[in-house]
Protein chains: 2
Amino acid sequence: MQSLDNNALRKAMSARGLKVTPQRMAIYGALLSAGGHPSAEEVFGAVRRVLPNVSFDTVYRALLSFTELGIISVHEAGGKKRFDPNLAGHHHLHCMRCNRITDFHSPELDSVKLPPQAGKGFQVLSMRMTVEGICSACSAKNRGRNGR
Amino acid sequence: MQSLDNNALRKAMSARGLKVTPQRMAIYGALLSAGGHPSAEEVFGAVRRVLPNVSFDTVYRALLSFTELGIISVHEAGGKKRFDPNLAGHHHLHCMRCNRITDFHSPELDSVKLPPQAGKGFQVLSMRMTVEGICSACSAKNRGRNGR
DNA sequence: TTATTATATAGGAATTATTCTTATTTGTCA
DNA sequence: TGACAAATAAGAATAATTCCTATATAATAA
Ligand SMILES: [Mn+2]
Ligand SMILES: [Mn+2]
Ligand SMILES: [Zn+2]
Ligand SMILES: [Zn+2]
């Protein structure tokens with residue numbers, strides 16, 4: 001998983017006039033350590049273990065700022081935002097039952113070009129495939145109850 | 001745009017034990033007439049012109065039911081759900097500024113297969129590419145103010 | 001180092017989208 | 001037609017996100 005080291009993180013922030021605060025450093029670190037695609041609430045929980053007085057709003061705003069900087073990305077799933085520090089180009093499996101999001105890589109997908117008439121004047125920032133379905137854990141649960 | 005006629009709609013509902021109510025029929029119709037990828041609020045506004053006493057909750061629940069039936073789809077964008085009656089396989093451009101969602105078609109994308117290790121035990125229901133960026137209208141706005 | 005100042009933060013309130021509750025109504029099926 | 005599970009309207013409740021304001025702090029320049 002490709003992400004920024006502390007130095008590159010500081011640089012990314014100051015390059016855009018954002019102050020380098022202990023909160024922001026810790027929040028990025030917490031996002032990494034949380035693993036997967038955590039919600040703001042989950043990142044908040046993780047940061048709290050390092051900075052017990054950080055506020056939820058600060059965490060939320062920092063995550064949105066990071067997104068603006070383009071150093072993380074965000075997905076909306078299950079009615080909430082999920083944050084993703086993985087800078088490597090990749091795609092996602094999204095379970096409609098438990099809302100778990102899993103990465104996958106596909107050189108084939110990455111090389112697809114947009115039909116030219118599609119993006120007429122549209123400035124592309126990212127392209128990602130989202131595969132919706134039911135994860136194996138959730139299918140397993142049902143097997144016991146319903147059948148299938 | 002591929003969608004259901006009244007008859008197919010009735011059939012889809014009763015096939016799954018859902019009652020065919022005037023509200024549901026009107027809500028589906030309103031979703032079609034609203035055009036594009038309306039929010040629940042927007043569909044509500046459209047239905048109201050036909051059934052002035054329908055409640056927001058009824059609209060919202062109907063849209064979720066339709067999604068479960070698989071006769072419409074949902075996208076989360078800009079913090080809210082956006083509903084899509086277009087049954088034809090297609091993909092989306094999503095403007096990060098105004099949250100406008102635009103369809104595009106791509107046989108190339110549709111033919112891409114998942115890397116086999118990706119969906120290990122994952123039951124795929126749909127695959128769609130989301131292209132994020134800035135639409136031409138939003139870029140135009142900025143040209144006046146900032147430059148770019 | 002110190003003073004200056006634009007930003008950022010904590011804490012809590014407000015807002016917005018979504019979901020729930022309850023009393024009443026209505027499709028569906030026998 | 002009659003029984004009844006399911007659906008609806010209306011409004012309350014909840015959950016996620018955003019806003020407000022007083023205080024604190026990182027960055028910058030002297
Ligand atoms: Mn990811
Ligand atoms: Mn569409
Ligand atoms: Zn799952
Ligand atoms: Zn736009």
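Below, read A as the first sequence line, B as the second, and so on, with proteins coming before strands; counting in each chain starts at 1. Because the structure is a prediction, the values reported are computed rather than measured.
In this structure, B:N53 and A:S14 both approach DNA chain D, and ranking their closest nucleotides by distance from the 5' end singles out B:N53. Nearest-nucleotide positions on DNA chain C for A:V54 and B:G78 put A:V54 closer to the 5' end.
Judged by distance alone, the side chains of A:D103 and A:H92 do bring a donor and an acceptor atom under 3.5 Å apart. Under 3.5 Å, the side chains of B:D110 and B:H91 contain a donor-acceptor pair of N or O atoms.
Scanning atom types as modelled, one donor and one acceptor separated by under 3.5 angstrom connect the side chain of A:K19 and the base of C:dT7.
Taking 4.0 Å as the cutoff to heavy atoms of chain A, we find the contact window on DNA chain D bounded by D:dA16 to D:dA27.
Note on A:D57: a base of the nucleic acid sits closer than 4.0 angstrom, heavy atoms only. Residue contacts shown for B:K80 are limited to sugar-phosphate atoms, with no base heavy atom under 4.0 Å away. Backbone-only engagement by A:P22 is indicated by non-hydrogen atom pairs under 4.0 Å involving sugar-phosphate atoms exclusively.
Computed from coordinates, the A:F56 CZ to C:dA14 C1' distance equals 15 Å when rounded to whole Å. Following rounding to the nearest Å, B:N99 (CG) and C:dT16 (C1') show an atom-to-atom distance of 14 Å.
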Determine all donor-acceptor pairs shorter than 3.5 Å in which one atom belongs to a side chain in residues 45-57 of chain B; sequence neighbours excluded.
residue : atom : partner : partner atom : Å
B:R48   : NE   : B:V54   : O            : 3.4
B:R48   : NH1  : B:P52   : O            : 2.7
B:R48   : NH2  : B:V54   : O            : 3.0
B:S55   : OG   : B:T58   : N            : 3.2
B:S55   : OG   : B:T58   : OG1          : 3.0
B:D57   : OD2  : B:R61   : NE           : 2.9

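In this structure, A:I101 shares a hydrophobic cluster with no other residue, the cluster being traced through Ile, Leu, Val, Met, Phe, Trp and Tyr side chains under 4.5 angstrom apart.
When hydrophobic clusters are built by joining Ile, Leu, Val, Met, Phe, Trp and Tyr residues whose side-chain heavy atoms come closer than 4.5 Å, directly or via intermediates, A:V124 is not grouped with A:V74. Hydrophobic clustering of Ile, Leu, Val, Met, Phe, Trp and Tyr side chains at less than 4.5 Å, counting indirect connections, keeps A:M129 apart from A:L125.
Scanning for side-chain contact (heavy atoms from CB on, under 4.5 Å) contacts around A:S3 gives A:M1, A:Y28, A:L32, with sequence neighbours left out.
Looking at heavy atoms from C-beta onward, A:T67 lies in side-chain contact with A:F83 at the 4.5 angstrom threshold.
The number of heavy atoms from other shown groups lying within 6.0 Å of CD (A:E68) does not exceed 12.
Closest non-hydrogen pair, A:M96 versus A:I134, comes out as CB-CD1, 4.5 Å.
Contact annotation: A:S55 does not reach the phosphate of C:dT9 (side-chain N/O to OP1 or OP2, under 4.0 Å).
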Query raised in the report: Would B:E132 and A:R128 count as a salt bridge (Lys or Arg N to Asp or Glu O under 4.0 Å) if you check the C-alpha gap in whole Å, the side-chain angles of each, and the deciding distance to 0.1 Å?
Result: CA-CA 8 Å; B:E132 296 186 328; A:R128 8 180 234 206; 3.0 Å; yes
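Contacts between residues 60-77 of chain A and DNA chain D, defined by a heavy-atom separation under 4.0 Å, are made by A:Y60, A:L64. For the segment residues 23-48 of chain B, residues with any heavy atom less than 4.0 angstrom from an atom of DNA chain D are, sorted by number, B:Q23, B:R24.
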